[in-house]
Amino acid sequence: MATIQEALQTASQYQRSNRLLQAEQTYRMILKNHPYQPDALHGLGVLANQAGQFQQAEKLFKRALEFQPDLVKGWFSLGNLLQVQGQLSEATECYQSVLKLQPKLVAVHNNLGYVLQQQNRLEEAIESYQMALKLDPDCSEVLVNLANILYEKGQLSFRQQAEYAILNNNLGVQTRQKTGDLKTAITYYQQAIQLQPELGMTHYNLGIALEEQGKLARAIQQYQTALNLPWIEQDTHRTAIHQKLCWLERKCHPTLKSDRLKLAFICQPFVMTVFPQPIDSIGILTEELVRRLSIDCEVTVYAPGAETHGVIYHGVRYQYIAVARDQKDLKTTQKPAELNSTWQPEFAASTYYQYYISQVAQDLQRRECNIVHLHNLSQFIPTIRRWNPQAKIVLHMHCEWLTQLNYESLEKWLRDADLILSPSAYIADGIRQRFPQLVERCQVIYNGVNSDRLLSGLVPILKDSEKFEKSKNSGNSGKRLLYVGRVSPEKGNHILLEAFRQVLAKYPDTKLDVVGPINALPHKYLVALSSDPKVAELAIFYGEKDWQAHLKQQVAELNPLSHSGNAVSFWGGVPPARIASFYHQADLFVFPSVCHEAFGMPIAEAMVAGLPVLATAGGAFPELVESGKTGMLVERGNATALAQAILELLAHEDCLAEMGRQGCQRAIARFLLILWRQPCYRRIVSSWSPLLDPPLQILSRYKDRSVRLPGLGSLTLFVPYCVA
């Protein structure tokens, strides 16, 4: 049985990896046996605080302190909670209690200074900030707080105002990306603008934060201010702002209810997607699509559930269909896989989840849907058509199944598809070659990237400011490589770790961050279907070798080669809002996929974030990465070639920066904006031309500064994406 300390450590790990339910369960398990355990009480308080249950959090913090009055983190957490709630005097007492126990905590001196400043006790606040700076002269948070007081007292030079404005801006960006704390980020942005009103990047960042808060009119005002200021050295931010203004204009003037299309999306039944915050990639894509389309359409989303019921979020109806019956049928009919030329997986059968799709099809008929948008499962098409003869059916393929599964079955099912969408020409061309009769129905729509999260809002530190350069570069030794995605054999993580051994031999200070859940894709979905010999080699991880054990062994062998002894960090699943900070801290993004990927969303994200990309030359990757311009492409499954490319890129820092810059421009132009216009939905629903014709009035206001957006359609989508 685990000790209390082991259980507390496990709960803490759950919290860091955002597995909050498991963390809560672990803390409650501890308290069941030890009701007065202060660390468990404090942990539950932190979870309650994160969930917005402030009264419960305060009660738990106070209870923990009742049983352990010298619990420093308890006083600190309680002080933070009271500060947020505006109870400044009480927060002051909490911070002072912490400092009596541990007088050298910089964060506590800073927070104490801030609450004293809020109470207009400026001299005491200055004293507290100065004490913090004695302990850490380069602490950015303390520097900006002290600078704001000195500005109010008229004691900052113009040069210092510019320096502190930049620091405020960058702290706002980091706060928003790391914690999602919009309120604090907005405070930093407003302080930056107060110090330097001409800092256009800050107006852009403030617009993003206001938009996320739903304050659209104020966001539009900030974007327009940013465009009128001479702050942009590159066209990337200007392009993004123009597109956002078009989108916000559309959002402020939605289509009349009488002119709305009735649109439905059908999620895959074998993934228990939960809205409005799905964690699977297709669920996230669907959520972002329908959230934008609901402005002009009446949207229903169908998803699997424990029971049949419907809910409405932000004007979108989410209809959950019970799948227990289908799951039971699958268990009773499943047979052992026979891997031969005629073998087909159960998800390729016409009877796969038939109860689910029949319930969906009948509900579609009741709602008289005009367009039905279906992900991956082509066998659902006949059932949908049988119940909805007038509907237009869109099949959205995110994988190679149409080129891998039984031709006769697919050909029969695809006859009733009005449109077949793919995220890349690689997937679309494969479908066209196998089904030449469907060429006219196949279209490519690239996945889109949310520039709000990924496009850097940081302002470069002034070159001749020694203090700020030191603050910027402190703690950054060696280069950082980054991988984002599911950690699975077909993604080539083992190849990356093998290549990283050679990198460490030359650059032992290099770090590798791996962001994404360790979750091997089931054998039947890819390895069993593929005829690619490089993919076939991955079968070893489904038999002789355990995938996770193999990774652990590789990491154990790599860490001793690093100067720090900790060369590789696995971060697990990270919320979308926090991923941007990993991109912005990295020097090179590496995506060593062994299989042919349908798109490669992490690559597009890295490019928008300004990172050079090293990837493998297969699938859709050549459509994303221009080798030699925005990054490099190497042979799939070749660890030596991958290592040589990493070493070559790390040896040329200027080249890295230029590749990142060009990659950002390319991604903004190709992957930032999705226009669902001709030849997409419009070609299959021509009777709705008033809805789908280009609304030219949207661009008229910005005509003099307009980027080239040919035939802008009214269904304009910005689509963020998470780890695939």
Side-chain angles (χ1 to χ4, degrees), residues 75-76 79-100 102-176 178-179 181-199 201-203 205-206 209 458-459 461-462 464-472 474:
W75 286 112
F76 187 54
N80 291 340
L81 176 61
L82 295 171
Q83 176 183 328
V84 170
Q85 292 181 309
Q87 300 179 46
L88 301 181
S89 297
E90 294 84 350
T92 300
E93 293 176 3
C94 288
Y95 294 140
Q96 289 172 338
S97 296
V98 175
L99 293 175
K100 288 178 182 178
Q102 290 191 21
K104 294 186 177 182
L105 294 177
V106 175
V108 182
H109 283 289
N110 179 58
N111 285 18
L112 176 58
Y114 186 77
V115 295
L116 290 170
Q117 183 179 347
Q118 295 297 104
Q119 298 171 75
N120 205 34
R121 297 160 63 178
L122 299 185
E123 295 305 322
E124 293 176 79
I126 290 174
E127 183 180 348
S128 189
Y129 290 141
Q130 289 174 340
M131 180 61 69
L133 290 174
K134 285 182 180 179
L135 298 169
D136 183 359
D138 299 317
C139 182
S140 300
E141 291 84 354
V142 180
L143 285 168
V144 297
N145 287 335
L146 178 58
N148 291 329
I149 294 182
L150 297 177
Y151 174 75
E152 291 179 17
K153 296 168 73 69
Q155 297 177 7
L156 282 186
S157 68
F158 182 78
R159 172 70 179 186
Q160 289 173 321
Q161 288 181 40
E163 292 174 342
Y164 285 116
I166 292 172
L167 198 54
N168 268 292
N169 174 83
N170 293 352
L171 282 171
V173 172
Q174 293 161 4
T175 298
R176 176 176 161 271
K178 290 182 179 180
T179 67
D181 184 354
L182 292 178
K183 184 178 179 180
T184 301
I186 287 174
T187 299
Y188 279 129
Y189 297 146
Q190 291 172 335
Q191 291 172 174
I193 291 171
Q194 184 181 25
L195 291 168
Q196 190 175 15
E198 297 80 18
L199 195 59
M201 180 71 83
T202 307
H203 287 280
N205 292 331
L206 180 55
L458 299 172
V459 177
I461 301 298
L462 299 176
D464 56 347
S465 178
E466 182 179 349
K467 177 188 288 187
F468 284 83
E469 281 293 338
K470 183 179 178 182
S471 175
K472 175 188 175 186
S474 61

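Every heavy atom of this structure was used, including side-chain atoms; hydrogens, water molecules and symmetry mates were not.
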Side chain proximity check, Gln96 to Trp75, heavy atoms < 4.5 angstrom: no
Nearest non-hydrogen partners of Gly172 and Ala185, listed with the distance: O-CB, 3.5 Å
Pairwise distance CG(Leu143) to CG(Asn110) - rounded to 0.5 angstrom: 9.5 Å
Polar contact flag, side-chain donor to acceptor under 3.5 angstrom, Asn169-Thr202: yes
Atom pair CG/SG of Asn145 and Cys139 - distance to nearest 0.5 Å: 8.5 Å
Nearest atoms (heavy-atom pairs only) where Leu156 meets Tyr151: CD1-CB, 3.8 Å
Atom pair CG (Leu112) and SG (Cys94), whose distance is rounded to the nearest 0.5 Å: 11.0 Å
Verdict with supporting geometry, Leu199 and His203, side chain to side chain contact (heavy atoms under 4.5 Å, CB included): CA-CA 7 Å; Leu199 195 59; His203 287 280; 5.7 Å; no
Sidechain-backbone polar pair: Tyr129 side chain, Val144 backbone, donor-acceptor under 3.5 Å: no
Contacts of Lys153 that satisfy salt bridge (charged side-chain N to carboxylate O under 4.0 Å, His left out) - sequence neighbours left out: Glu123
Close side-chain approach of Asp181 and Arg176, heavy atoms under 4.5 Å: no
Minimum heavy-atom distance Phe76-Asn111, with the two atoms named: CE1-ND2, 3.6 Å
Residues that Glu90 engages under salt bridge (charged side-chain N to carboxylate O under 4.0 Å, His left out), provided they are two or more places apart: none
Pairing residues for Ser89 by the side chain to side chain contact (heavy atoms under 4.5 Å, CB included) criterion, not counting sequence neighbours: Gln119
Results of side chain to side chain donor-acceptor pair (under 3.5 Å) for His109 - residues two or more places apart only: none
Closest approach of Ala125 to Gly113 (non-hydrogen atoms, all atoms of both residues): CB-O, 3.3 Å
Distance, nearest 0.5 Å, that separates CE of Met131 from OG of Ser128: 8.0 Å
N/O donor-acceptor pair under 3.5 Å between Thr175 side chain and Leu171 backbone: yes
Spatial distance of atom CG (Leu458) from atom CG (Asn170) [nearest 0.5 Å]: 4.5 Å
Show which side-chain atoms of residues 81-88 pair as donor or acceptor with protein atoms under 3.5 Å away, not counting sequence neighbours.
| residue | atom | partner | partner atom | Å |
| --- | --- | --- | --- | --- |
| Gln83 | OE1 | Tyr95 | OH | 2.7 |
| Gln85 | OE1 | Gln87 | NE2 | 3.4 |

Heavy-atom side-chain contact between Ile126 and Gln130 under 4.5 Å: yes
Tyr114 side, atom OH; Ile149 side, atom CD1 - distance, nearest 0.5 Å: 10.5 Å
Heavy-atom side-chain proximity of Val142 to Asp136 below 4.5 angstrom: no
In residues 190-197, what donor-acceptor pairs under 3.5 Å come from side-chain atoms, sequence neighbours left out?
| residue | atom | partner | partner atom | Å |
| --- | --- | --- | --- | --- |
| Gln191 | OE1 | Asn148 | ND2 | 3.3 |
| Gln191 | NE2 | Asn168 | OD1 | 2.7 |

